[in-house]
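Worth knowing before you read on, the calculation uses all heavy atoms, side chains too, and leaves out hydrogens, waters and symmetry mates.
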Amino acid sequence: MIIYGLMLMGFCMFAGLMVGDLLGALLGISANIGGIGFAMLFLVVSSQKLIEKGLLSKPAEQGVGFWSAMYIPIVVAMSANQNVIAALKGGPVAVIAGLGAVFIGFLLIKPLSKIGSKPSDQQVVD
């Protein structure tokens with residue numbers, strides 16, 4: 001059921017927005033920086049911990065799963081009304097954050113592929 005797990009999502013959303021506002025204040029920007037991303041990260045981590053400990057019921061797991069699946073459409077809809085030109089003119093933070101994320105992503109490709117591969121996935125070379 002979708003309504004189950006909504007309180008957990010609400011707490012994670014509240015915490016994520018607070019972290020995003022705090023990050024914006026620390027950087028001297030009057031904006032929320034990554035609050036939705038932090039909220040979804042908190043939701044994934046907290047729901048996984050609750051599932052491992054057996055504290056999350058099956059309907060709550062399904063509700064959290066629904067909201068996790070809705071993450072991408074919600075973020076796309078939210079970012080659609082952002083003014084990218086104004087963000088770029090407002091300061092280099094957007095460019096630095098974008099380039100930094102791409103650079104870190106490139107650096108993490110090889111280590112993450114090693115973690116995710118199984119010994120049977122590796123090909124034997126004659």
Side-chain angles (χ1 to χ4, degrees):
M1 301 197 64
I2 295 170
I3 194 72
Y4 289 103
L6 199 56
M7 188 172 92
L8 176 63
M9 189 197 72
F11 284 137
C12 292
M13 185 69 173
F14 181 67
L17 291 177
M18 286 181 56
V19 170
D21 286 337
L22 181 62
L23 185 58
L26 289 173
L27 293 173
I29 300 169
S30 61
N32 184 306
I33 300 178
I36 301 295
F38 285 118
M40 291 310 295
L41 182 65
F42 294 155
L43 180 62
V44 169
V45 170
S46 62
S47 64
Q48 188 62 35
K49 292 293 182 188
L50 289 171
I51 290 170
E52 288 173 1
K53 293 181 180 183
L55 299 174
L56 202 60
S57 67
K58 197 65 173 171
E61 284 181 41
Q62 292 172 349
V64 170
F66 170 79
W67 289 110
S68 296
M70 290 300 295
Y71 171 68
I72 292 174
I74 289 171
V75 170
V76 169
M78 290 176 66
S79 65
N81 65 8
Q82 300 288 323
N83 189 344
V84 177
I85 303 290
L88 292 175
K89 286 181 180 177
V93 174
V95 176
I96 292 170
L99 292 174
V102 170
F103 181 72
I104 291 170
F106 283 146
L107 290 178
L108 291 176
I109 290 173
K110 190 164 187 162
L112 289 176
S113 67
K114 287 182 181 180
I115 291 171
S117 67
K118 299 175 185 174
S120 63
D121 291 344
Q122 297 173 355
Q123 295 179 358
V124 178
V125 179
D126 293 322

Test of understanding: clusters of I, L, V, M, F, W, Y form through side-chain heavy atoms closer than 4.5 Å, transitively. Do Leu56 and Val44 belong to the same one? no
To the nearest 0.5 Å, atom CZ of Phe103 lies from atom CG of Leu108 at 10.0 Å
If two hydrophobic side chains count as joined below 4.5 Å and joins carry through other members, does Phe66 share a cluster with Ile51? yes
After noting the C-alpha distance and the side-chain angles of Leu43 and Met13, does the key distance pass the side chain to side chain contact (heavy atoms under 4.5 Å, CB included) rule? CA-CA 8 Å; Leu43 180 62; Met13 185 69 173; over 6 Å; no
Answer whether the closest heavy-atom distance between the side chains of Met7 and Phe11 falls below 4.5 Å. yes
Looking at Asn32 and Leu17, what are the two nearest heavy atoms and their distance? ND2-O, 3.2 Å
Side-chain contact test, heavy atoms from C-beta onward, threshold under 4.5 Å: evaluate it for Lys49 versus Leu55 and give yes or no. no
Nearest 0.5 Å please: distance from the CE atom of Met9 over to the CE atom of Met40. 8.0 Å
Distance in Å, Leu23 CG paired with Met18 CE, rounded so as to fall on 0.5 Å steps: 13.5 Å
Between the CD atom in Glu61 and the NZ atom in Lys58, the distance rounded to the nearest 0.5 Å is 4.5 Å
Does one hydrophobic cluster hold both Leu6 and Val64, with members joined at side-chain heavy-atom distances below 4.5 Å? yes
How far apart are the closest heavy atoms of Ser46 and Leu8, and which atoms are they? OG-CD1, 3.6 Å
Spacing of CG belonging to Leu26 relative to CD1 belonging to Ile33, to within rounding of 0.5 Å: 9.0 Å
When rounded to the nearest 0.5 angstrom, what is the spacing between CD1 in Ile104 and CD1 in Ile109? 12.5 Å
